[in-house]
Structures are given as structure tokens and as C-alpha cells.
Amino acid sequence: MQLLRMAVRNVFRNKRRTWLTASVIAVGIAGMGVLSNFYQGEFEQMIDSTIRSQTGHMKVQAPGYAKEARTLPLDLAIDQPMALLEKIEKMPEVDFVAPHIRFGSMLSNGERTLAMRIQAVDPNREALLNYLNQKIVEGKYLTGGNQILVGKKLAKDLKVKTGGTLTLIANTSQGGMNAADLKIAGIFASGSNQFDESTVIIPLDQAQNLLYMQDQATELTVFLKNRTDSALVQQKVEALGRHEVQTWQEMNKDLMGMMKMAKASQGIMSAILFLIAIFSIVNTMTMSVTERTREIGTMMAMGTYRREIVGLFLCEGGVLGTLGAAFGTLLGGCISAYFAIVGVRVSGVQSMNIGLGDVIYSAFNPSTFLTYFLLGVFVTTLAAAYPALLASRLKPVKAL
């Protein structure tokens with residue numbers, strides 16, 4: 001305790017140098033914490049956007065469908081999907097399940113014809129997701145029948161508006177061709193330009209009639225109450241019958257890989273900031289040893305042990321580290337909390353064709369700052385070891 005009191009007094013002998021060093025440590029801790037929380041918030045939004053707009057937490061498909069998924073086959077479909085859907089929804093981890101039919105088609109406005117991906121949904125069940133129905137910028141969401149939703153960019157390219165008519169031409173499940181005139185119920189803006197210009201949404205019953213797929217679906221998209229339960233629910237669904245079940249992690253390997261790369265880059269930046277803090281501490285403590293050579297010699301001459309000299313300088317490093325880390329934690333926490341509420345306004349950021357919207361929100365995870373605080377104190381205390389050894393090796397007579 002006496003060493004700690006002496007360390008506090010010694011640290012504040014040169015207040016300007018102390019606050020300058022503490023500021024360097026504080027900026028490093030705050031920077032690492034804010035960066036870590038911002039990355040976490042961005043990736044949480046990316047994962048949430050991907051799950052809600054594309055993959056769900058899990059997809060249940062007929063055997064062999066995943067291998068041929070790029071071709072959007074209609075001959076590999078789930079028969080009587082509602083019976084399976086009801087069994088899955090009884091699982092306590094499941095929030096709800098939405099049946100889909102995905103297929104390729106030609107879409108025409110009478111003057112221009114485009115190849116298009118069609119996503120057929122049950123409007124009532126899809127509304128439980130509360131996603132695409134919130135992205136309608138003109139008109140209204142699907143109610144059923146011969147309706148269609150188109151993306152904002154596609155509507156602009158085809159020069160169509162709500163209330164207009166588009167013709168859908170598709171190969172049926174039996175190999176023939178069929179067509180339907182669909183009324184544009186609404187125009188959406190998902191935030192992903194690729195999705196908005198290449199995918200349109202129609203009611204499930206309309207697709208089943210058009211494709212001759214009554215009581216069939218190409219997939220069941222499962223939404224969970226907690227996405228960490230995906231592996232457990234996957235096992236349960238596989239036990240219900242012969243189906244292919246993919247979790248959101250398996251369907252988003254590119255995204256997961258990008259997250260790992262981002263964490264690696266974040267680790268490198270954190271290491272650089274820690275190195276700056278370490279050199280700052282070493283420099284400050286070495287200057288202190290040089291300035292206090294006579295004092296150290298006097299202490300040794302009066303019987304102070306070398307290990308006590310080492311302990312004193314380690315305590316001084318710890319006090320500096322605690323001071324800087326505390327201010328850094330407070331500063332970083334306030335910044336992260338602010339951006340977690342207000343967010344960073346950008347212009348429709350996209351990553352890997354995933355729309356993140358106009359605002360990216362930081363996460364606010366206090367445990368992140370606690371980790372960096374403890375790490376900061378430990379590293380700065382450790383950084384004081386070299387100057388402490390220099391001080392302990394001084395010869396009393398020479399020092400005096």
C-alpha cells in the first residue's frame with residue numbers, strides 16, 4: 001500500500017507528461033473499443049438483413065435441391081408443405097415458417113422483356129417477418145391473387161407505376177410454358193440494387209396456379225426466436241423426414257469469411273494502438289528513471305531493496321495505465337452509446353449485395369470496454385518492466 005501511495009505521488013510530479021501519456025493510452029483504448037463495437041454493429045445489421053431478406057435462419061428443401069439451387073429447379077419441390085410447416089412451427093425455438101417458390105421467368109411490359117427471378121410468398125406469413133412490407137415506397141403490399149411487387153430500380157427501368165400491368169412468362173413444373181398478367185400492387189426499395197432490379201414478388205397461390213404446383217413449395221424458410229438455436233433446430237427438422245436443411249451460417253459462408261477477415265484486421269489495428277501505448281509508457285518511465293537517478297540512489301543507500309524499486313516503477317506504470325484506460329473506457333463508451341442510438345448516416349451502403357439502409361448503428365457492448373480496460377492496465381504495467389529493471393540495476397554510489 002505504501003508503494004502504491006508513493007507511485008501515485010510520483011506519477012503526478014510531472015502533471016503535463018502524465019496527462020499526455022494518459023491521453024495517448026485513453027485514445028488507444030477508446031479507438032479500439034469504438035472500432036470493435038462499430039464492426040460488431042455493422043455485421044449484426046448485415047446478418048439481420050441477410051436473414052430477413054434472403055436466407056431466413058434456416059431453409060428446408062427437397063433432397064438434391066441445394067446442389068441445383070442456381071438453376072431454380074421446379075421438379076425438386078416439397079409436397080404438402082403446410083403439413084411439414086405445422087410440425088416445424090410446434091418446436092419451441094421456432095418463431096414462424098414461410099413457404100416459398102423461387103423460379104426463373106421472363107417479365108414483359110409490352111415493349112421490353114427481361115429475365116427475372118421470381119419469389120412467390122404467402123403474403124400473410126411474410127408479413128410476420130415485418131421486412132419487405134416495410135420497404136414499400138409506392139402502392140401497397142400483396143394481398144393475394146394476380147398481383148406483383150417490383151423493385152424501385154426495375155420499375156424505373158421498365159417505366160411502370162403502381163396499377164400498371166406486367167406479363168409473367170414461365171416454364172411450368174411439367175415442362176410447358178404458361179403466362180399471367182399481373183397488376184403492380186406496390187414498389188419496394190430493399191436497399192440492395194441487385195435484389196431490386198432482378199427479383200419480383202408474387203403471391204404463392206398465383207405461382208402455384210401458374211406453374212401447376214398445387215400444394216407444393218420449393219422451400220420452407222424457418223425463422224427462429226434466437227439464431228443461436230439454428231444447429232439444434234436443424235437436427236430436429238432433419239429427424240422429421242428426408243429433407244435437406246441448411247442453416248444461415250451454411251448459406252452465408254462468404255459473409256462469415258468476411259467477418260473473420262474484418263476481425264483479423266481489427267486485431268492488427270488493436271496491436272498497433274497497443275504498441276503506441278507501450279512505447280509511450282516506456283518513454284515516460286525511462287525519462288522518469290533518468291530524472292530520479294539521485295533519488296533512486298538515495299533510496300538504495302537507505303536500505304530499499306531492488307525488488308521494491310521494481311515494484312515502485314511497476315506500480316507507477318499501473319497507475320498511468322489505469323488512469324488512461326479509465327478515461328479511454330469512458331470516452332469510448334460514450335461515443336459507442338451515441339452511435340448505437342443515432343447511428344452513422346450514409347447513402348444506402350451495400351456490402352456483398354446486402355442492403356444496409358441509410359444508417360449504420362454501432363453496437364454497445366460494455367464487456368468490450370471492460371476487456372480493453374483490463375488489457376490496457378495489464379499491458380501498460382508490463383511496459384513499465386523495462387524501465388523498472390533499469391532503475392533497480394543502478395549502483396547506489398554511482399547514482400548519487
Side-chain angles (χ1 to χ4, degrees), residues 45-56 69-70 72 98-170 179-207 210-211 218-219 221 251-252 255 346-360:
Q45 278 184 257
M46 288 175 66
I47 290 170
D48 181 65
S49 179
T50 304
I51 288 172
R52 283 153 64 92
S53 66
Q54 299 180 31
T55 66
R70 290 184 180 274
L72 302 175
H100 292 151
I101 294 178
R102 298 179 190 269
F103 62 101
S105 173
M106 302 301 292
L107 190 68
S108 175
N109 65 348
E111 298 178 0
R112 189 178 177 191
T113 302
L114 298 175
M116 200 64 50
R117 284 174 173 261
I118 313 299
Q119 182 172 318
V121 304
D122 181 330
N124 295 327
R125 287 189 165 273
E126 210 70 20
L128 296 174
L129 182 57
N130 201 28
Y131 180 73
L132 197 58
N133 56 329
Q134 299 296 316
K135 304 292 183 179
I136 302 297
V137 294
E138 185 181 330
K140 59 183 181 180
Y141 190 60
L142 298 174
T143 56
N146 61 335
Q147 295 181 331
I148 188 170
L149 293 180
V150 299
K152 185 177 180 180
K153 192 173 187 307
L154 178 62
K156 184 178 180 181
D157 291 343
L158 291 177
K159 298 179 182 178
V160 294
K161 295 183 179 180
T162 54
T165 301
L166 291 171
T167 301
L168 198 66
I169 307 166
D181 292 327
L182 305 175
K183 184 178 180 181
I184 302 173
I187 296 172
F188 63 84
S190 69
S192 170
N193 287 335
Q194 184 182 30
F195 184 82
D196 289 359
E197 68 182 351
S198 64
T199 305
V200 297
I201 314 297
I202 67 173
L204 184 67
D205 56 359
Q206 178 64 44
L210 177 69
L211 304 171
T218 57
E219 65 186 38
T221 304
M251 290 182 282
N252 294 292
L255 176 59
V346 292
S347 181
V349 172
Q350 289 191 56
S351 181
M352 298 175 63
N353 297 314
I354 300 167
L356 294 180
D358 294 329
V359 181
I360 297 178

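This one's a predicted model, so the numbers in the text were calculated from it and none came from an experiment.
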Rounded to the nearest 0.5 Å, the CD1 atom of Ile202 sits from the OG atom of Ser105 at a distance of 8.0 Å
Taking every heavy atom of Val121 against every heavy atom of Ile201, the minimum-distance pair comes out as CG2-CG2, 3.7 Å
Taken to the nearest 0.5 Å, the spacing of Thr167 OG1 from Asp181 CG works out to 4.0 Å
Shortest non-hydrogen pair, Pro123 vs Thr143, comes out as CG-C, 4.4 Å
In short, Pro99 meets Arg125 closest at the heavy-atom pair CD-CD, 3.7 Å
Fill in: Short side-chain to backbone donor-acceptor contact, Thr218 and Arg102, under 3.5 Å
yes
query = Taking side chain as C-beta onward, heavy atoms only, is Gln147 less than 4.5 Å from Gln206?
reply = no
Here the gap from Ile118 atom CD1 to Leu107 atom CG, rounded to the nearest 0.5 Å, amounts to 6.0 Å
Nearest heavy-atom approach of Gln119 to Thr199 is CB-CG2, 4.3 Å
Note: Leu114 and Leu158 closest approach over all heavy atoms is CD1-CD2, 3.7 Å
One should read off an interatomic distance between Arg117 CZ and Leu72 CG, to the nearest 0.5 angstrom, of 4.5 Å
To the nearest 0.5 Å, atom OG1 of Thr162 lies from atom NZ of Lys183 at 9.0 Å
Rounded to the nearest 0.5 Å, the CG atom of Asn124 sits from the CG atom of Leu204 at a distance of 11.0 Å
Does Gln45 form a side chain to side chain contact (heavy atoms under 4.5 Å, CB included) with Asp48? I'd like the steps, not just the answer. CA-CA 5 Å; Gln45 278 184 257; Asp48 181 65; 5.7 Å; no
Evaluate the side-chain proximity of Lys152 to Glu138: yes if any heavy-atom separation is below 4.5 Å, no if none is. no
>> Strictly distance-based, threshold 3.5 Å: is any side-chain N or O of Arg112 a donor or acceptor partner for the main-chain N or O of Asp157?
In response: yes
Heavy-atom nearest pair, Glu197 first then Leu154, reads O-CD1, 3.9 Å
